[in-house]
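What's counted below: heavy atoms across the whole structure, side chains too, no hydrogens, waters or symmetry copies.
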Amino acid sequence: MAIMAGLAMNCKINNRSIFARKNYFYPDLPKAYQISQYEEPLCSSGYIDIEIDKKIKRIRLNRIHVEEDAGKIVHVGAPGIWGSKASAIDYNRSSIPLIEIVSEPDINSAKEAKEYVIMLRSILVSLGICDGNLEEGSLRCDANISIRPKGDTKLGVKTEVKNMNSFKAIERAIDFEIERQIKLKKSGKIIEQETRLWDESSQKTYTMRTKEESHDYRYFPDPDLLPLIIENSTIKNLKKNITILPLDRKKNYIDKIGLTEDEARLLIINPKYADYFDKCLTYYNNAKNLSNWFFNELLSYISGDIELIHITPKDFVDLLIKIDSNEISGKIGKYVLNKSFESKKSINTIIKEEGLKQITDTKEIEDIIKKIINNNLTQLNEY
């Protein structure tokens, strides 16, 4: 998965990488060191393209490395350890493997940072590397933030902000931290290098701990783990699994299929939507009608969770074909869709059970009309 992420993000995959011990004492790390990679990571350099104000900006990557997760500390009554009544430690995720993706300082605003994480998530979810759930912590973002006077090339003192569990939180936390640093600078105070926590309830950042430098971690090669050797043939085989990247996918939706900018963006930032939509297109070539029903009708029932769609792409397309051929009307189609989500029954079952199929055979219709007229001769004579 780390190699696939590296390939999708244009990294150099290193044939040899080594695991290191990152030493620090903190309650969430029971053995007092973390297995990580330092001097020789699995993936080097690389980049991700983002779109800001209809312009493409390239964000360079420094590395992608493999490491183990720590536990999770939950502070009771406060965002950080200071002021909290107690701290509980959840070790359930401790030692679970993860990949850390480190960007270069090419991001110049909270808006860009948010878009970067959105594109990153889209790539990872598309490849099946991650479910992309920020709320549950399967995708996490730490932001290193510094300010500098216009025209200066030297980076300022940075603070690291953690605990941002949504795209909005990422944007708000960075904006708050930029303003906090500017106020400190203007008042003549020193910006200290530290790790801070974002508190969603107060919409502020708080000091978590003073920041260590890399030498404080006393990195050294893990004596229990051999170097990780990756053959070129492995890299070549994994490259076959790399799908089209988000911005290229978006361009195809707009240029080749005729989707709007908003529709195409909704698909690329929700790769599971895109997969469902693309499967529908394999059975149905009217992209305009499909997008109308998909975006306006189908998605209205799921509140953002594609797993709530029990209707297969083939069955959804069959409904559209029935409407196109006048087997049922568009109004009945909407009714059937609603009924299907209520009952979790298939579309065909509802149409059959409720006799909703329109009769298109004119001979059959004429026979029904004659039968009605013959059964209502009084009304006929009055007419």
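In this structure, N237 contributes its side chain and S233 its backbone to a donor-acceptor pair below 3.5 Å. Side chain of R121 to backbone of G132: a donor-acceptor contact under 3.5 angstrom is found. No side-chain donor-acceptor contact under 3.5 Å links E353 to the backbone of I350. Counting only distance, with no hydrogens or angles, the side chain of T234 and the backbone of I230 share no donor-acceptor pair below 3.5 Å. Panel note: side chain N144, backbone K158; no donor-acceptor pair is recorded below 3.5 Å. At least one donor-acceptor pair closer than 3.5 Å links the side chain of S325 to the backbone N or O of I321. Formation of a donor-acceptor pair under 3.5 Å by the N375 side chain with backbone atoms of K371 is found in this model.
How far CG of D278 is from OH of Y253: 3.5 Å, rounded to the nearest 0.5 Å.
By the 6.0 Å contact criterion, CD on Q379 is enclosed, its count of non-hydrogen atoms from other residues, nucleotides or ligands being greater than 12. More than 12 heavy atoms of other residues, nucleotides or ligands shown are found within 6.0 angstrom of CG on N296. Under a cut-off of 6.0 angstrom, the local environment of NZ in K31 is crowded, with over 12 non-hydrogen atoms contributed by other residues, nucleotides or ligands.
Each of E177, R180, E192 was checked for a side chain to side chain donor-acceptor pair (under 3.5 Å) with T159, and the lone residue meeting it is E177. Evaluated for a salt bridge (charged side-chain N to carboxylate O under 4.0 Å, His left out) with E115, the options R265, K55, K57 yield exactly one hit, R265.
Looking at Y116 and D49, their side chains never bring a donor and an acceptor atom within 3.5 Å of each other. Using modelled atom types, one finds no donor on one side chain facing an acceptor on the other under 3.5 Å when comparing E40 with Q37. Side-chain atoms of R196 and T207 form a donor-acceptor pair, as typed in the model, at a separation below 3.5 Å. Looking at S202 and Y206, their side chains do bring a donor and an acceptor atom within 3.5 Å of each other.
Partners of A5 according to the side-chain contact (heavy atoms from CB on, under 4.5 Å) rule, which considers only residues two or more places apart in sequence or in another chain, are M9, I64, I99, L124, I129. Looking at residues two or more places apart in sequence or on another chain, you find a side-chain contact (heavy atoms from CB on, under 4.5 Å) between E179 and I182. Taking the side-chain hydrogen bond (donor to acceptor under 3.5 Å, both in side chains) definition, one finds that K114 meets it with E171, sequence neighbours left out. Residues satisfying the side-chain contact (heavy atoms from CB on, under 4.5 Å) criterion with D224, sequence neighbours excluded, are R21, D222. Checked against side-chain contact (heavy atoms from CB on, under 4.5 Å), D28 has the following partners two or more places apart in sequence or in another chain: Y24, Y26, A70, I73. Take N15 and apply the side-chain hydrogen bond (donor to acceptor under 3.5 Å, both in side chains) test, not counting sequence neighbours, and it matches N232.
Nearest heavy-atom pair across S166 and A169 is OG-N, 3.0 Å. In terms of heavy atoms, L98 sits closest to R140 at CD2-NH2, 4.4 Å. Across all their heavy atoms, I145 and V161 have their closest contact at CD1-CG2, 3.8 Å.
Less than 6.0 angstrom separates the ring centroid of F341 from the ring centroid of H310.
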Checklist line | D199 and S201: CA distance, side-chain angles, deciding distance, side-chain hydrogen bond (donor to acceptor under 3.5 Å, both in side chains) verdict | finding: CA-CA 6 Å; D199 178 40; S201 57; 2.9 Å; yes
Check: Does the side-chain hydrogen bond (donor to acceptor under 3.5 Å, both in side chains) test come out yes or no for N14 and S44, once each step is laid out?
Finding: CA-CA 7 Å; N14 298 313; S44 305; 2.8 Å; yes
Notebook entry, point to check: Could you go step by step and tell me if K54 and E261 meet the salt bridge (Lys or Arg N to Asp or Glu O under 4.0 Å) rule?
Noted result: CA-CA 10 Å; K54 298 192 175 179; E261 178 87 17; 5.4 Å; no
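Hydrophobic clustering of Ile, Leu, Val, Met, Phe, Trp and Tyr side chains at less than 4.5 Å, counting indirect connections, unites I50 with I56. In terms of hydrophobic clustering, with Ile, Leu, Val, Met, Phe, Trp and Tyr side chains grouped at heavy-atom distances under 4.5 Å, L247 and L120 are assigned to a common cluster. Cluster annotation: I302 and F294 are assigned to the same hydrophobic cluster (Ile/Leu/Val/Met/Phe/Trp/Tyr, side-chain heavy-atom contacts under 4.5 Å, transitive). Follow the hydrophobic side-chain contacts under 4.5 Å out from L225 and you never reach F220; the two are in separate clusters. In the hydrophobic clustering of this structure, Y273 groups with I257; members are Ile, Leu, Val, Met, Phe, Trp, Tyr whose side-chain heavy atoms approach within less than 4.5 Å, directly or through other members.
With contacts defined as side-chain heavy-atom distances shorter than 4.5 Å, the pair Q181/F176 does not qualify. The closest side-chain heavy-atom distance from F295 to S291 is below 4.5 Å. Side-chain contact between L139 and N133 is absent, with no heavy atoms from C-beta onward closer than 4.5 Å. For the pair Y301 and L337, the minimum side-chain heavy-atom distance is below 4.5 Å. Between I174 and I178, some side-chain heavy-atom pair lies under the 4.5 Å cut-off.
Cation-pi geometry between K22 and Y217 is satisfied (NZ or CZ under 6.0 Å from the ring centre, within 45° of the ring normal). Judged by the 6.0 Å distance and 45° axis criteria, K279 is not positioned over the aromatic ring of Y276.
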